[in-house]
Student: 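Dumping the structure here so I can ask a few things about it.
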Amino acid sequence: MTDLDLPDASAAALLVFGRAAGDQPAAGNPVAGPAARIIDSPRQRECRCNPAMRITSETFADGIREQLFTVGDIPGVLWTPAEGSGPRPLVLIGHGGGQHKKGGEVVSRAFPYVTSCGFAVAAIDAPGTGDRPEHPQIRRLVALIQEREAAGEPFGPAWPALNETVAAQLIPDWQTTLDALQKLDSVGDSRPVGYYGLSQAGEMGIRLVAAEPRITAAVLGLIGSDWLTDTAARITIPVEFVLQWDDEVNPRDSVMKLFDALGSAEKTLHANPGSHFRVPSFEIDSSIRFFARHLGSPGTASSS
């Protein structure tokens, strides 16, 4: 089973947020600033003042209620058990590069979390994906990365600039969405919160988990960015970290270095043979057990 379902794209396109977003960086200042400052960004302060959620559709199938929603200009989806009420643990799932909130790698995790554990599960579109408008800055950075890749050149500063640009919007958006979700009766604010994200969602997840104290357990991996080591060191919650031994995108040494940088007392490295997009399906089962252990179940306490 592949983790990200993007069959005919280059390695760069697979990892970036597809038709993504932002304004052109000023010359000499290509990035918005370190992730540590994102938690007090103007966008976050503005969004979190008014985290009202609007449900745009609701459907039921196979014991799962699916609600599409918006929080301001943030489009998202919430899955909960069709029967019963909250409060219940919540898992936030980030999507991979070029994907969206209802992509295969999201749904394949979300549905068993709901049906097996009774969790609420939410996902949002990253900038420039899904139901979001195009983001000019990210689109330009993606084009630059693809040009360099086609020429056989290193990505250079465009790659960290792209990640900083996405994170500057996405991390506050996740926090604003979490504010709104916890006001819902089907979720509530008294149960633990987890995060799941691999590849580009792992890159963003490390930043989010380090910034958001409400997240108490996380599954991360398929990422080895050396600029994340200081951020990873601030993470102290339990982490399950996924590595593909033959990853053609992230060399295993860089992934293991990032795992080693995590400040968590409880962290587990799951290494499997195969390429970046061949994460075995049993890792889903492992994540179910991990979240059940650390988030508990509706009406029960976690073991963390």
Side-chain angles (χ1 to χ4, degrees), residues 1-7 9-16 91-99 103-110 112-113 116-117 155 159-160 163 194-210 215-295 303-304:
M1 174 178 182
T2 58
D3 179 63
L4 302 181
D5 188 17
L6 291 175
S10 67
L14 288 165
L15 287 177
V16 297
V91 177
L92 310 176
I93 299 184
H95 66 74
Q99 292 287 292
E105 89 279 13
V106 175
V107 172
S108 64
R109 277 73 173 167
Y113 293 168
S116 297
C117 304
F155 295 164
W159 181 239
N163 283 287
Y195 177 86
Y196 182 103
L198 304 182
S199 192
Q200 186 71 17
E203 168 94 25
M204 296 299 122
I206 286 175
R207 300 163 187 257
L208 174 62
V209 171
I215 296 174
T216 58
V219 177
L220 303 165
L222 299 188
I223 196 70
S225 303
D226 57 7
W227 53 79
L228 288 177
T229 53
D230 289 343
T231 304
R234 299 202 303 273
I235 295 175
T236 57
I237 64 172
V239 172
E240 190 168 280
F241 203 83
V242 178
L243 177 154
Q244 286 299 99
W245 199 253
D246 306 300
D247 194 328
E248 70 279 19
V249 179
N250 297 289
R252 72 176 73 109
D253 288 348
S254 64
V255 179
M256 288 192 287
K257 179 180 177 182
L258 191 57
F259 170 78
D260 187 54
L262 291 167
S264 306
E266 180 183 336
K267 56 183 180 180
T268 305
L269 182 66
H270 285 212
N272 295 288
S275 64
H276 187 81
F277 301 102
R278 301 301 300 180
V279 177
S281 59
F282 58 70
E283 287 294 348
I284 298 177
D285 298 330
S286 179
S287 70
I288 291 172
R289 293 190 296 269
F290 173 82
F291 283 130
R293 185 167 67 253
H294 292 291
L295 305 184
S303 63
S304 296

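Heads up: numbering here begins at 1 and tracks the sequence.
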Student: I need the minimum non-hydrogen distance between I235 and I206, along with the two atoms involved.
Tutor: CD1-O, 3.6 Å
Student: What do the steps show when you test V209 against R234 for side chain to side chain contact (heavy atoms under 4.5 Å, CB included), and what is the final call?
Tutor: CA-CA 9 Å; V209 171; R234 299 202 303 273; over 6 Å; no
Student: For S264, give me all partners under side-chain hydrogen bond (donor to acceptor under 3.5 Å, both in side chains), at least two apart in sequence or on another chain.
Tutor: none
Student: For F291, check ring pair (Phe, Tyr, Trp, His ring centres under 6.0 Å) against everything at least two apart and list the hits.
Tutor: Y113
Student: Identify, with sequence neighbours excluded, every residue that meets side-chain hydrogen bond (donor to acceptor under 3.5 Å, both in side chains) alongside S286.
Tutor: E240
Student: With a 4.5 Å cut-off on side-chain heavy atoms, are P238 and F290 touching?
Tutor: yes
Student: Please report, to 0.1 Å, the donor-acceptor pairs under 3.5 Å made by any side chain of residues 217-230, with sequence neighbours excluded.
Tutor:
unit_1, atom_1, unit_2, atom_2, d
S225, OG, E203, OE1, 2.6
W227, NE1, E203, OE2, 2.9
T229, OG1, D226, O, 3.2

Student: What pair of heavy atoms forms the shortest contact from A210 to T231, and how long is it?
Tutor: CB-CG2, 3.5 Å
Student: side-chain contact (heavy atoms from CB on, under 4.5 Å) with S275: which residues, sequence neighbours excluded?
Tutor: E248, R278
Student: Side-chain contact test, heavy atoms from C-beta onward, threshold under 4.5 Å: evaluate it for V279 versus E105 and give yes or no.
Tutor: no
Student: I need the S199 OG to N250 CG distance, nearest 0.5 Å.
Tutor: 7.0 Å
Student: Is any side-chain heavy atom of R252 less than 4.5 Å from a side-chain heavy atom of D247?
Tutor: no
Student: Are any of the side-chain heavy atoms of Q244 and V255 separated by less than 4.5 Å?
Tutor: no
Student: Show which side-chain atoms of residues 265-274 pair as donor or acceptor with protein atoms under 3.5 Å away, not counting sequence neighbours.
Tutor:
unit_1, atom_1, unit_2, atom_2, d
E266, OE2, H294, NE2, 2.8
K267, NZ, F259, O, 3.0
K267, NZ, D260, O, 3.1
K267, NZ, L262, O, 2.9
H270, ND1, E283, OE1, 2.9
H270, ND1, E283, OE2, 3.4
N272, ND2, E283, OE2, 2.8

Student: Give, for atom CG of D253 and atom CG of L258, the distance between the pair rounded to the nearest 0.5 Å.
Tutor: 13.0 Å
Student: What is the distance from atom CZ of F241 to atom CG of L198, rounded to the nearest 0.5 Å?
Tutor: 9.0 Å
Student: Hey, are the side chains of Y196 and L92 touching, using non-hydrogen atoms and a 4.5 Å cut-off?
Tutor: no
Student: Within this structure, what is the CG-NE2 distance for the pair D246 and H276, rounded to the nearest 0.5 Å?
Tutor: 13.0 Å
